[in-house]
Enquirer: 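If you scroll down you'll find the structure; I have some questions about it.
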Amino acid sequence: MKQSKTFIPTLKEVPSDAVVTSHVLMLRSGMIRPLGAGIYSFLPSGYRVVRKISQIIREEMDAIGGQEFHLPALNPREIWEETNRVEAFGDNLFHLKNRDYVLAPTHEEIITFHARKVVSSYKDLPQIWYQIQTKFRNEPRPRSGVIRGRQFLMKDSYSLDSSYENLNLSYELHDKAYRKIFDRCGLKYFVVGASSGAMGGTGSEEFMIKSEAGEDTVAYCEACGYAANVEVANSRVNPKERDSESKLVYEISTPNVKSIDELCTFLNIDESQCAKSRIYISDNKPVLVLMLGNDEVNETKLEKILGNVRPAHPDELKEITGADAGSIGPVAFNGKIIVDLRLKNSNNMFSGANKNDYHIGGIDFQRDVVNHEYHDLRIIKAGEGCPKCEKNLEVFSAIELGHIFKLGTKYSDAMGALFLDESGKEHPIVMGSYGIGVERVMACFIEQHHDEKGIKWNKLLAPFDIHLIALNMKNELIAKTAEEIYNNLKQSGFEVLFDDRIDAGAGFKFNDADLIGLPLQVIVGEKKLKENKVEVKNRQTNERVDVELSSLIEYLVRSKE
RNA sequence: CGGGGCGUAGCGUAGCCCGGUUCAUCGCGCCUGCUUUGGGAGCAGGAGGUCGCAGGUUCAAAUCCUGCCGCCCCGACCA
């Protein structure tokens, strides 16, 4: 492509509403433009990258026997009623105003719809059906450019199996395919065991990359590879040790002391001597949750024990305990008490007195706290011990690139997608579901491969293979030589972006090229041409070498390997 | 949905507090001509705006008030 005739509108300045790096660079390099919040147009060079990623995905999906579908984005609402997911998605599902349709946010229902019409025998199984298509979700707050949009491109595949054993095989195939896909895309990723959540089913894994722009928080051990969403992560932390002697309970006047830190300062004690109280409402009843010191309650862990919970409102606190937040404690608390494992059987502890401006010392959890049970409830913190090895955990933000689920029979049961086994007995199809955010792959690649000048594409994802830069198109020798190189490269099978712009200065072209970030730049200028040479710059390393014109094609073909 | 910020030419912005002959600023980009061509060029000339929309206050509104719309950030939410 000749750049003088190609629509690649690069920007010198940073657009005011872009914040994360990948968003800034995608806008500046002319790959995308916004249309509305969370809605982006892909411009020609950006769409080339989308197609390259899609192609890699396609090849790896086909390699495990996947068959590509093209499914409707426009779905009759009643199909989504069959699985009760209109309600489950709630406001996140787009509804049309003038017909009873919804815009598909995923395609389990549609796949199951076709499966129940087509699959009738165990002989029809297994199947892996996939699609790479636009999906719609009414995100309350789109953000970070293409990373969280209302309209996005997703590879979804669905496995149909006759048993859970066979589902495991399909799941394994996807796990391996995903690793190949992300490896080929040049991403540094890690795999996180996740709870299957509202998708239902028996197991799932998330493929993540570390990024400030991420919306998930992950605990990770560099040493052994332990990785878990902070929602479910554990760590090695010391429990509070029991003192040999238990003091008696005593009340202390603590005027205006609200926080654990204030209490420690006031009494000149360590936070490890304090039990922090939080009141949650579960099933309309109050539950007192006790944590050691400043440990925070992990509400996901709490919900695993209690079901849905919410923190109590300030006015409820007073009603339930007789005190405001800051003076609540376990002694004489009338209701269920759940205590973090770190506090197990501890004694000589301080906590609130359920009376404003008073605390209690000398609390012995064995002696003074009735009606309680112990669970792991804490949010782990960076630097704590890895639960699987001797090293310590990092905690950081991450972007979810892909997610694989063992769905089981949730959808086939609900929608009646059944098959007959060898003995003529009817069973629901056992399903799996496997997604990859295509634009996220693109954004994550940029997050991981850029410098202050711009993007550093690898060979597989780059919109073009080579950026051919003719420095001064008004110089006839340069123009003629560059044109020849351009034609030869095309004939040799390269995708070439030829900067033939007549009025752009050298520096302008260099900076545009670094911004767009094609892996190789071939620079044709007066200086080197005098010696019958051109310069080849490697954008990964920013190293330049001079190459004889006569051996240029050979050199580039070799470097393509 | 709560909190915060913003909306002035294609992009980035000044002016807004304190309304009025600086009232629409500046830089980049764009158009024309000449020069320049190895790291975002120089000179000269030029085009481009319902100051987000609607209403209100006022002799007078980009500026003050009300409502709405849009965008961004933090939070909540997130198969």
Side-chain angles (χ1 to χ4, degrees), chain A residues 9-20 23-24 27-28 30 33-39 80 83-93 104-109 135-145 147-150 152 154 156 158 194-201 204 206 213-217 229 231 299-300 310-311 399-400 402-405 407 410-411 433-435 437 453-454 469-479 499 501-515 521 523-530 533-535 537 542 544 546:
Chain A
T10 55
L11 299 171
K12 215 182 281 190
E13 289 173 287
V14 177
S16 63
D17 48 13
V19 175
V20 305
H23 189 198
V24 170
L27 288 165
R28 286 194 55 216
R33 283 293 182 268
L35 184 65
I39 313 175
W80 287 78
T83 53
N84 205 30
R85 287 175 103 202
V86 174
E87 193 191 340
F89 268 101
D91 198 44
N92 256 21
L93 185 65
T106 173
H107 280 84
E108 280 82 9
E109 278 77 359
K135 315 238 169 176
F136 300 86
R137 255 195 261 169
N138 187 20
E139 291 293 344
R141 177 148 99 84
R143 67 184 97 175
S144 305
I147 290 171
R148 171 159 297 237
R150 294 212 167 109
F152 54 96
M154 185 142 166
D156 252 340
Y158 304 91
S195 66
S196 42
M199 288 290 286
S204 80
E206 292 171 321
E215 297 173 340
D216 291 272
T217 308
N229 201 304
E231 288 181 354
E299 293 182 5
T300 305
R310 64 166 175 85
I399 299 170
E400 180 186 344
H403 204 157
I404 58 180
F405 289 94
L407 290 177
K410 174 175 170 169
Y411 298 91
S433 157
Y434 317 86
K453 290 275 190 177
I469 302 164
L471 288 186
N472 179 5
M473 283 298 284
K474 285 179 185 161
N475 176 314
E476 273 182 38
L477 179 63
I478 292 175
D499 193 344
R501 291 175 295 180
I502 206 154
D503 48 359
F508 193 94
K509 291 186 175 186
F510 285 139
N511 282 312
D512 253 8
D514 288 345
L515 175 61
Q521 296 171 13
I523 299 155
V524 185
E526 209 168 352
K527 211 161 76 184
K528 300 286 161 65
L529 216 46
K530 279 183 191 154
K533 287 178 178 169
V534 294
E535 194 169 273
K537 172 173 165 178
N542 287 325
R544 308 138 175 274
D546 294 343

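Side-chain atoms are counted along with the backbone in the values below, which use heavy atoms only and exclude waters and symmetry mates. Just so we're on the same page: letters track the sequence lines, and every chain starts at 1.
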Enquirer: Going by modelled atom types, is there a donor-acceptor pair between the base of B:C78 and the side chain of A:R141 at under 3.5 Å?
Expert: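 Side chain to base: no pair present.
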
Enquirer: Please work out if A:L471 contacts a base, only the sugar-phosphate, or nothing of the nucleic acid, heavy-atom cut-off 4.0 Å.
Expert: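 Base: the residue A:L471, judged by heavy atoms under 4.0 Å, touches a nucleobase.
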
Enquirer: Any donor-acceptor pair under 3.5 Å joining the side chain of A:E535 to the base of B:G38?
Expert: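 Checked by distance alone, the answer is yes.
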
Enquirer: Tell me the interatomic distance from A:D91, atom CG, to B:C1, atom P, rounded to whole angstroms.
Expert: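 Going from CG in A:D91 over to P in B:C1 covers 8 Å.
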
Enquirer: Remember a base hit wins even if backbone is also touched, and classify A:N472 as base, sugar-phosphate or nothing at under 4.0 Å, heavy atoms.
Expert: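 Base contact - A:N472 has a heavy atom under 4.0 Å of at least one base atom.
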
Enquirer: What integer distance in Å separates A:D512:CG from B:G38:P?
Expert: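 The distance from CG of A:D512 to P of B:G38 comes to 17 Å, rounded to the nearest Å.
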
Enquirer: Which part of the nucleic acid, if any, lies within contact of A:D514, taking any heavy atom under 4.0 Å across all strands shown: a base, the sugar-phosphate backbone alone, or nothing?
Expert: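 Answer is base: heavy atoms of A:D514 come under 4.0 Å of a base.
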
Enquirer: Base, sugar-phosphate alone, or nothing: which one does A:K453 contact when heavy atoms must sit under 4.0 Å apart?
Expert: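 Here A:K453 touches the bases of the nucleic acid.
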
Enquirer: Could you write out RNA chain B as a dot-bracket string, with dots for unpaired bases, | for bases paired across to another strand, and Watson-Crick or G-U pairs counted at under 3.5 Å?
Expert: (((((((..(((.......[.....))).((((((.....)))))).....(((((..]....))))))))))))....

Enquirer: Base, sugar-phosphate or nothing for A:R310? Non-hydrogen atoms, less than 4.0 Å.
Expert: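 The answer is nothing, as A:R310 stays clear of every strand by at least 4.0 Å.
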
Enquirer: Could you tell me whether A:T83 contacts a base, only the sugar-phosphate backbone, or nothing, with contacts defined as non-hydrogen atoms closer than 4.0 Å?
Expert: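 Here A:T83 touches no strand at all.
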
Enquirer: Just call it for A:K509: base, sugar-phosphate, or nothing, with non-hydrogen atoms closer than 4.0 Å on any strand.
Expert: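 Since no nucleic acid heavy atom lies under 4.0 Å of A:K509, the category is nothing.
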
Enquirer: Whole-Å distance between B:C11 P and A:R28 CZ?
Expert: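 Going from CZ in A:R28 over to P in B:C11 covers 16 Å.
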
Enquirer: So A:G435, base contact, sugar-phosphate only, or nothing? Heavy-atom distance under 4.0 Å.
Expert: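 Nothing: the residue A:G435, judged by heavy atoms under 4.0 Å, touches no strand.
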
Enquirer: Taking atom types as they are modelled, would you say the side chain of A:E13 forms a donor-acceptor pair with the base of B:G27 within the 3.5 Å cutoff?
Expert: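 Checked by distance alone, the answer is yes.
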
Enquirer: Over how many whole Å does the gap from A:D499 atom CG to B:U37 atom P extend?
Expert: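 About 18 Å, once rounded to whole Å.
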
Enquirer: In plain terms, say whether A:E215 and A:R143 are close enough for a salt bridge, that is, a side-chain N and a carboxylate O under 4.0 Å apart.
Expert: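 Judged by the 4.0 Å cut-off on N to carboxylate O distance, A:E215 and A:R143 do form a salt bridge.
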
Enquirer: Any base atoms under 4.0 Å from A:A88, or only sugar-phosphate, or nothing? Heavy atoms, all strands.
Expert: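 It contacts nothing in the nucleic acid.
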
Enquirer: Please report the closest heavy-atom contact between A:L27 and A:P34, naming both atoms and the distance.
Expert: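 Shortest heavy-atom contact: CD2-CD, 3.7 Å.
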
